[in-house]
Every structure is written in C-alpha cells, then in structure tokens.
Amino acid sequence: MPVQLLKIVNGKPETPLPSHLQKEDLKHLQEGFGHTNKYFQGIVILYYPLTKLSDGRDFFKLVLQDMNNSCSRTDSINILIYGKMAEDCARVVRHGDTFVVAGFKLAKSPTVGEDGRHGCHLEVSEEAGSAIYSVAPKYAYTSLNHLKDGTIVNLYGVVKFFKPPYVSKGTDYCSVVTLVDPSNVKLTCTLFSGNLDSLPKIYKVGDIVRFHRIKIREYNGQMQGITSVGFASLTFDGTVGAPVVPRTSSKVYTFMDEEQKTVEELRVWAASNLSISGPAAKLSGVQPMLFFDLTCQLVGKAKVDGSSFLLKVWDGTKCPYPTWKVPVEARDLEGEKILLHQLRNLTVDVLVYDNHVQLAKSLKIGSFLRIYSIHTKQASAVDEDVSHIEFHLHGGTCYGRGIGVLPESNPDVKELKAFLESVELADSQNMESMSSVELDGTFNNVTVLTDHQDLNNTELKTILNSMAPQQYRIRAKLRTYKPQKLYQSIKLHCSKCKSLQEVPDGDGFDFILQGSAITAPNAELQNTSWYDSVMWTTQDEKQRKIVIHFVKHDEMLQQPEDTLLMIEGGTLKEVWKLTKIFKCVIPVRSTEDDLELLDLSAPFLLQGNIKYYGCKQCSTPKPIKSLSSIAAEQRPSWEPTEIAQVLGIELLQYVFIMKFTLIDGTGALNAYLFDYEKFFQIPASEILSNNFLQQKMQMTMNTLCPPGRKLDDLPWLECFIKSYNVRDGMKHQVYYQIFDTTVAEDVV
DNA sequence: GATTAGGCTTCG
C-alpha cells in the first residue's frame, strides 16, 4: 500500500483510519507490549537518503517526534522502512509532515547510545502489513490584500501575467507570475527553480494557481512573492466548467472538495473581472507588426548562429502573406525530411534570439509549443520586388516573451492535433494560389481621402514636367515607401531652426540620469513656497539620495494625476514609474541657487508615455523657479508648450517623415510625408510608446501598399501633393510633399 | 541557502 494522504478536520481524520487502530503514546511503546492494533503519530523531524540494503531491498529511515510532549530527544523515535514502502515514503516525505505509522514491529534501537532517541525503533514494510499515512496539514490561505513583509504564506490567485520559465542568468529557471484575486490586489511573484518541472505549469492568462510556502517580501514599495524552501504549486485551467484537474510536479498534494470549490469560485470571479483575450491567433490571421501567442507544432529546427536559432513550425493554416525562409545548411536542419518537404508551404520560419536559444535547442521535434509574444515583421530583401513577413522571437522576456511546451493533454493541443490531422497535405500545394486570389478580392479599391475635392487629378508625367511650386491632386499607386521600419519614420523637429533629429534612445537618458545623480541635492532648495520636498536614501550599497519636489497649487498639494513633480537622483525606472502616477515629471539637479534642468539630450519633461525634448540650439534654459508662475495659475493645465515656454525651452515636435514612391503608369515620383498627426490620424508623439498605434500605422501602410502584391494589383490612392524648389548652391531640385491628406477612416 | 529577477515588447 503506498503512502496515503489523510486530511484532518477538527482534529479527526476526514476519511477515518481503520476502526481497529488506536493511537499509542510514545511512552507506551515498549518491548513486550502488543502493538498490533496501535498506531503512532508524529512529526517528521529528520530523514535520511533512500538506500539499498545488501539483499537489494530499499531502505528508508526517518525520525518522528511525539507531538504531545516534544521537547527532549527521547521524545523522538526512529522509523525503519523496508521495501517498496521505503521508496514510496522517500518520495513524498517533507520536513514537518505529520505521519501515522500502523502495523509496525517494535525492536530495540541499536543506535540509542549515539542518537539518544527512544530505546526502541519501529520497523515497517508492506510485507508485514504495515501502513503509513501522511496527514495533510490544514492549510490556511492568505488573500492578496493581507500579505505582510517577511511572511511565508499559502495563496490562491488568477494569473494576470506570466513569463514562461526561462533560463536565468544564475543557476535556475525563472518564471515571473502576476496574480490577482477577488480583493483586486495584484502580486508579482518571482519564482526560481533548478527543476523546470517544479515551476507552475501556466499556459495562459486566466489560469488559476495555488502556491504553498511562498515568501512575501517588500520590494520597491510593493509586496512581492518569491520561492522559499518547500515551495509547491498547483495550476488549473481557468475556464468556467472545465474539469478541475491540477497540473503539478508534486507527487503528493492535498486537493479535496474545499479546494475544488475555491478554484471554481475564482473561475467565476475571473470570468467577469479579468479581461482574458479571445481565441489565439492562427497563422492564417497574422498581420505584420503584431505581437501574439502562437500555438503550433515543431516540425524542424536548426542552428543559425551564436545568438539565433531557427524553429520551423505549423498550425495547419496558411499565412496569407509570403513568409521568409531563413537560409540554413541542410545538414544543420533537424526534422523529418519528408514531412518538412510536404509541409513546406504551411510551415513558417521563426527565428529566436539570445536567451531563448538555449531552450529552443532543447525542444523535441513534434512537440507542441506556445510561442509567446512572437513578432511578425514586414521586410523586403534587396533582391525582392515584394516584401515578406518575418517571424521573430526577440531576446529578453518583456511581455512574457518566451517558449512554452504544451503537454498533449492540453485542450488547445488536442484541438490543434485534431485540426492538423484533418489538413489534407495535398491541398496545401493549391493554397498558395488561392490566398492571393482571396487577397485581390478583399482590398483593391483603397483610396486616401483628401480635403480639396474640387481639384482634378493630374498625371504624374505632367507634374514632373511642370515648374514648381504648384499643388496637385493625384491618383497613383504606392510602389514602395521608406523607411520600411516604421518606427524609424519618427523624428524630432524644431520649428524655429527647422532642424530634424533622431529621437534619443533610453540608454542616453539613463546615462544622463546617472551622471546627474552624482550631484548632491542642495538642502536649501527643498521645501519652498511653491513645492514640498521629500528626500530619502536608498537601502542598497550605493546609498543614493533621491529628492522629489511636489509642486503645490494654492499652497496645497494636488491630486497625483494633476501634479507636476521634479526629481533629483532618480533612475530611469523610478522616473518611468512616477510618470505612471503623476501628470508631469521633470528631472532636475541642484545648483547653488536653484534647481536646473539636465542636459537637453535628455527629455526635460515626461508626461504619461511621452518624453518631451528641447532644441539644444534654440533653447536658453531659465531657472526652475520660473515654473512657479504656472503653479500660481487658476487651474494649472501643465501643457508641455507652456512649460517649455516658461523654462526657455524650444520644444521639439514629433513628426512622421516618410518617402512615398508613387506611380500612375505615366511616371514615378518621390513625395515626402511631413506630418504631425493628420495623415495617419495618429499623433507622432505617441507612436513610439504605444504599440497599438504602431500596429494601426503598420496596418494602414499595409492597406496602402499591401505586402507581397505585384505592381498591377496595388490599390489606387488619391492624395494631394505640392512641388517646391530647393536650391543648394548651384544645385536646384524640385521636391514633392504630401499635404492636406488624411487616410480615410474605412481604410484603417 | 547565494544567485537568478524584480513584467510593460525588438529594431537581428
């Protein structure tokens, strides 16, 4: 009989022990007494590794302590377990468990002189008709709003976010899991384990987990969960009505009606309180420039180079765009050659990078995967007329980017398997032509709406042969555009000196912040008539001093969402976090007389996701106290333009700069797009920090210039262009610019 | 029981 699990409710086992058994105290365990119908119950205080005896039988020794009077060593007794029972016991035993031992043989302990324990030991084995019960402890679960720093707790939660286990920079796998529960409090847990199996098997947002023995710590002002010794987890599908079957690596766990009820309640709560995304994207539904989770089967894999690795996968559907094929040496490609060939029109190449390579290498051909936050990117090779779609799993683990292996028992895998089996391989050969027919039917009559409907269309040939400047309405096709990487189209423009510059990256800002943190805050510049200041020192070895100055209005602090604050000594992350809470953040440093702005390579102001920059050439920064004039206004709106003005900053504007190559059969010309917001109806300032808007912009471009389309099949579009002269010394050239044009709503 | 990471997309 294997080790059985008993649950004690109100001091009595829920499933009773056999009725003939009676509890025996330690002091009554003596040679010469009959113990046939007696059991002994104690707490596991020590156990030894499972060993084999000379006769080949397994042997396991553990020490139980009498719970009633547990202070001296003589209150503990050695339990010797033989045969299969030894193995069973070794597998489930944990320090602190309560064990019940029945049907034992009592014998004189030969080690009493060394260990000072009870004079006898108990011998048990299956053959002797013994039984061992592990008494399930009564677990208490803490709701997420009652977590306290430094405690070790048990809890339930619904997965709101997760990173599938990945190889950490240390020795373990790491998985980050954010939970919520009906208290509406979030808890982000960082889970480590050297054993992939002992991390929770979470497959999607909405899954429900039960964590045992998770340590709670405070980190950055928030509670954080972290694995502690004995951490164990159960994971459940979060779908209401689905069978309540725990996914776990634990050999033994408590799971009874009470727990089942908790899971079902959490499912119901999550169904109406948590947004769980709809059905997962299929290859047939991909759009360029999207991040999505792909559930698929691995058909082939190959090494590419040190930092990237190729996975060939399919999900039975056909991607509507031409997809890229990553060139690899045939001998490096692992997988069934025949299948790879048969599925060549249905598989897509996914290139995984950096930290994902190690995991990707270990994947087994044929296994079912969920690739999280895979990126579809539109690109065109130099020698290609039409662009194609690339699938990337970029480095890093942001947004849960990673690879998870799904078991065959997973409902999504079952569904996928059934679908894959139904795909007639022969059909896929015909599908190529089919999808292009479908495409042609769907969007061929794209137009771009223009403001001046009174103008007639002019042929491009006529425009090219005319003097500048003039304005035209044209009907043309977008042959190609630059930059193809749309994020590169965003620049900063100074309306005063007309200069254009690249948007600085975060690293530069970080560097400037680090540099400014060296300047010690000047105590005299704290707590003035128009702002309140708070200063503290970080706990780490750097002992960094951070000061936040909250600007007041009418001598009162405002609501966070209306508040402008200035920060000294903050890191990039801290600044970023503050922008989530407060309306405006201005990084500053102390001088002798006033606070001052940092180098203008850094944003002088952050509002929400937007970083505002000043022109280095045209700005003459004024002392920070100039801001007090805005603070004194009736209702300070904290407009970036106004803040820039009082601080003597020439505000740089975010613009889209693109080059459109237009054709209409009579000629071709390049027209520039210089636009703040009108063309795409997306503010250029927001595009870099808003992935949704980036996708929207990419989709607009895909409609205007569909990837993978031949010249004849490109849609017509109408827009306004104006010609203008540019003279550079002796050189004279005519340029064209798109103006007063907005992409029609129904196009986007 | 030290470390890992400590969610908030790459840009190949």
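Model, not experiment: these values are computed from the prediction. Protein chains get the first letters and strands the later ones, always in sequence-line order, with residue 1 at the start of each. For the numbers below, each heavy atom of this structure counts, side chains included, while hydrogens, waters and symmetry mates do not.
- The aromatic rings of Y139(A) and H212(A) lie parallel to each other, with less than 30° between the two planes, well short of the 60° mark.
- One cannot find a donor-acceptor pair under 3.5 Å joining the base of dG6(B) and the side-chain atoms of T188(A).
- Stacking between F291(A) and dT9(B) is shown: the ring centroid lies under 5.5 Å from the centre of the six-membered base ring, and the planes differ by under 30°.
- Per the geometry, NZ belonging to K573(A) stands 5 Å off P belonging to dG7(B), to the nearest Å.
- With centres under 5.5 Å and a plane angle under 30° as the test, the ring of Y399(A) is not stacked against the base of dG7(B).
- Nearest nucleotide to the side chain of C398(A), out of dG1(B), dA5(B), dT10(B): dT10(B).
- If you measure from atom CZ of F292(A) to atom P of dT10(B), you get 17 Å, rounded to the nearest angstrom.
- The separation between Q358(A) atom CD and dT4(B) atom P is 17 Å, rounded to whole Å.
- Of the candidates dG12(B), dC8(B), dT4(B), the closest approach to any side-chain atom of K485(A) belongs to dG12(B).
- V352(A) places a side-chain heavy atom less than 4.5 Å from the side chain of I403(A).
- Close to dG7(B), at under 4.0 Å from its OP1 or OP2, lies no side-chain N or O of K160(A).
- Between D349(A) and K325(A) the shortest heavy-atom distance is OD2-CA, 3.3 Å.
- Ranking dG12(B), dG6(B), dT4(B) by closeness to the K163(A) side chain, first place goes to dG6(B).
- Counting to the nearest Å, the P atom of dG7(B) and the NZ atom of K580(A) are 13 Å from each other.
- Of the candidate nucleotides dC8(B), dT10(B), dG6(B), dG6(B) has the atom lying nearest to any side-chain atom of T397(A).
- In this structure, the aromatic ring of F192(A) is positioned over the six-membered ring of the base of dT4(B), centres within 5.5 Å and planes within 30°.
- For DNA chain B, runs of at least 3 consecutive pairs of the Watson-Crick or G-U wobble type, with both hydrogen-bonding distances under 3.5 angstrom, are absent.
- Comparing Y353(A) and T190(A) against DNA chain B, the residue whose closest nucleotide sits nearer the 5' end is T190(A).
- The CZ atom of R217(A) sits 11 Å away from the C1' atom of dT4(B) (whole-angstrom rounding).
- As a whole-Å value, the separation of Y372(A) OH from dT10(B) P is 20 Å.
- Side-chain to base pairing of T171(A) with dT4(B): no donor and acceptor N or O lie closer than 3.5 Å to each other.
- Across all strands shown, D354(A) has heavy atoms under 4.0 Å from base atoms, whether or not it also approaches the sugar-phosphate.
- Using modelled atom types, no side-chain atom of D172(A) and backbone atom of C174(A) make a donor-acceptor pair closer than 3.5 Å.
- Remark: the separation of the P atoms in dA5(B) and dG1(B) is 22 Å, to the nearest Å.
- Atom CG of L191(A) is separated from atom C1' of dT3(B) by 15 Å (rounded to the nearest Å).
- Of the two residues near DNA chain B, T178(A) and G170(A), the one whose nearest nucleotide lies more 5' is G170(A).
- When rounded to the nearest whole Å, the span between CG of L693(A) and C1' of dT9(B) equals 15 Å.
- Using a 30° and 60° split on the angle between ring planes, H392(A) and Y353(A) fall in the parallel class, below 30°.
- Of the inter-residue distances, the one linking K611(A) atom NZ with L605(A) atom CG reads 12.0 Å to the nearest 0.5 angstrom.
- Under the 6.0 Å distance and 45° angle rule, K303(A) does not count as a cation-pi partner of F309(A).
- The main-chain N or O of Y203(A) is found under 3.5 Å from a side-chain atom of D207(A) such that the two form a donor-acceptor pair.
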